[in-house]
Amino acid sequence: STVVLVFQAPALKKHKDQLPSEFRFCVEKGDKVRMGEAIGRWHD
Amino acid sequence: FFFLRNLHSATNQARASINGSGSSSGSKGNPFLVPGATVATIFMLGALHARRMYSDKKIEEARDSGIELELQPDVKAKFLMMLPLRFISRFWGFLSSTELPVWLRPYAHRAWARAFHSNLEEVALPLDQYASVKDFFVRSLKEGCRPVDTDQHSLISPVDGTIVRVGELKEGVMIEQVKGFSYSVSSLLGAGSFLPLMAAKDIHQHDGSQQENNIRDESTKSWWRISLASPKLRESSSSRPMKGLFYCVIYLRPGDYHRIHSPVDWNVLLRRHFSGRLYPVNERATRTIKNLYVENERVVLEGKWQEGYIAMAAVGATNIGSIELFIEPSLRTNQPRKKLLQSEAPEERLYEPEGTGVLLKKGDQVGVFNMG
């Protein structure tokens, strides 16, 4: 079986003086994951 | 052919000798037939297995050398399309739900764990508490086996499994199934989906003729279509953080823990169930069957979270045809086909109260895949 997630998340901030809030995956194709592990993070 | 010709001549000699003696054996069966057929069957199965191992090895080598295999529909995929997969899936579910004698259960579940590399240390109950293989398949885990990442700016994996694809959806809202073939997210989630990119496009690109019948549709759901439309497409001068659309595809092997959890804190507003087909979804199937995830039976949950739109699609497979939702226990999937040929429209349910739906916290159990 397969689970597909599709979601909105912060992309690049408009203003250069702010930290990039872009969402980033911390996994890649082929990685084994366990429920509860972070697969992506972003900064507020 | 050589083997069969020898077998044939051997049986002729045997028959001649039996007829020659006349009296003794009379109507005794042919002594070579059973062992001959058995040897031939074992030989054939061995040859097929060797061929499968060879092709798997070739694929492994290709992958290790960084070559991405392309979509290659083959005879097996075409043969699969003709099989009564739903009947096979339901029959498998019937077999796996057979209650086992208590003394046999540990052996059966250990055999399953060995065959599919399940981790028995994490199983919540003693093995003899699982009355059937099906019960064992939907097992829960011991407390503390899956700590949930508490970083409030993290999105967690909803299941155990292997990452098949991750990425950001750019203009085309297409997800690559395999090199050379992509499927559209709106086909996966459903034409009525609230996918923000589509919503924004819908509003700007609607032609007059569709307008009236969409107004009704829009009015029932527009309150959060508009709210989810991506600012990237709505207000280019927005000082708010831009929003992107991201996706992640996770494949669960038969031995994995099969409960589905919530990836973030979110409100589930709608459930959409596609009866679809039940092709296998293993690595070989993704390389040989087009639109695999769009064809297969699946349950889509749509809602909103702090960053906007979110959807989760649980896609079934031949051996794992059922998807049960803890937030909607009455939902039944993998039902006998009512209409043989045409694919049925998805069946939707808006969760009450409207606009709030069902609130799920990160890590909450949402549902479970099951056999049959």
Side-chain angles (χ1 to χ4, degrees), chain A, chain B residues 146-149 151 153-169 175 185 188-189 195-196 228 230 232 238-239 241-252 257-261 263-264 281 293 305 307-317 320 323 363 369:
Chain A
S1 29
T2 301
V3 167
V4 183
L5 277 178
V6 178
F7 53 95
Q8 271 186 308
L12 277 176
K13 276 235 189 251
K14 283 292 289 177
H15 297 299
K16 50 187 174 309
D17 58 342
Q18 290 167 324
L19 275 173
S21 70
E22 185 177 8
F23 175 86
R24 286 185 185 287
F25 281 106
C26 39
V27 290
E28 57 186 24
K29 183 181 164 193
D31 285 358
K32 296 227 181 302
V33 288
R34 288 157 50 113
M35 192 293 290
E37 278 178 14
I39 54 175
R41 296 184 194 278
W42 69 98
H43 305 284
D44 209 350
Chain B
R146 291 288 183 281
V148 172
D149 188 286
D151 174 0
H153 296 130
S154 72
L155 181 136
I156 64 168
S157 175
V159 291
D160 279 19
T162 306
I163 299 289
V164 175
R165 287 263 184 278
V166 289
E168 182 175 0
L169 287 168
I175 297 180
V185 179
L188 175 77
L189 303 178
L195 201 55
L228 288 173
S230 160
K232 187 189 287 185
S238 148
S239 60
M242 300 284 281
K243 294 265 192 260
L245 258 186
F246 298 85
Y247 66 90
C248 177
V249 182
I250 306 171
Y251 168 65
L252 294 83
Y257 165 63
H258 265 76
R259 288 179 180 236
I260 308 167
H261 294 246
V264 289
V281 292
Y293 303 127
W305 69 309
E307 298 300 337
Y309 172 85
I310 185 167
M312 184 154 70
V315 184
I320 302 163
I323 299 155
F369 286 106

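Naming convention: chains lettered A, B, ... in sequence-line order (proteins, then strands); numbering from 1 in each chain. The model shown is predicted, which means the values in this text are computed figures rather than measured ones.
Of the possible donor and acceptor atoms, none in the side chain of Asp149(B) sits under 3.5 Å from a partner among the backbone N and O of Glu37(A). Put simply, the side chain of Trp305(B) gets close to the backbone of Gln8(A): a donor and an acceptor are under 3.5 Å apart.
Interface remark: of the candidates Arg146(B), His258(B), His261(B), Arg146(B) forms the most heavy-atom pairs closer than 4.5 Å to chain A. Considering only heavy-atom pairs separated by less than 4.5 Å from chain A, the leading option among Ala314(B), Gly167(B), Cys248(B) is Cys248(B). Interface check for chain A: of the options Ala317(B), Ala311(B), Pro263(B), Pro147(B), the most heavy-atom pairs under 4.5 Å are formed by Ala311(B).
Looking at Phe369(B), only its side chain comes within 4.5 Å of chain A, counting heavy atoms on both sides. Heavy-atom distances place both the backbone and the side chain of Pro158(B) under 4.5 Å from chain A. Val164(B) touches chain A through its backbone: at least one of N, CA, C or O sits under 4.5 Å from a heavy atom, while the side chain does not. With a 4.5 angstrom heavy-atom cutoff, Ile323(B) does not touch chain A via any of its atoms.
Counting heavy atoms from C-beta outward, Met35(A) and Val159(B) have side chains that stay 4.5 Å or more apart. A heavy-atom distance below 4.5 Å is found between the side chains of Phe23(A) and Leu155(B). The side-chain heavy atoms of Ile163(B) and Glu28(A), taken from C-beta on, include no pair separated by under 4.5 Å. Residues Val166(B) and Ile39(A) are not in side-chain contact: their nearest non-hydrogen atoms beyond the backbone lie 4.5 Å or more apart.
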*Taking it one step at a time, do Glu307(B) and Trp42(A) satisfy side-chain contact (heavy atoms from CB on, under 4.5 Å)?*
CA-CA 11 Å; Glu307(B) 298 300 337; Trp42(A) 69 98; 3.3 Å; yes

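Taking all atoms of both residues into account, the shortest heavy-atom contact from Ala11(A) to Gly244(B) is CB-N, 3.6 Å.
Applying the salt bridge (Lys or Arg N to Asp or Glu O under 4.0 Å) rule to Arg259(B) yields no partners; only residues at least two apart in sequence or on another chain are considered. Checked against side-chain hydrogen bond (donor to acceptor under 3.5 Å, both in side chains), Thr162(B) has the following partners two or more places apart in sequence or in another chain: Lys32(A).
Remark: Phe7(A) CZ to Met312(B) CE distance equals 12.0 Å, nearest 0.5 Å.
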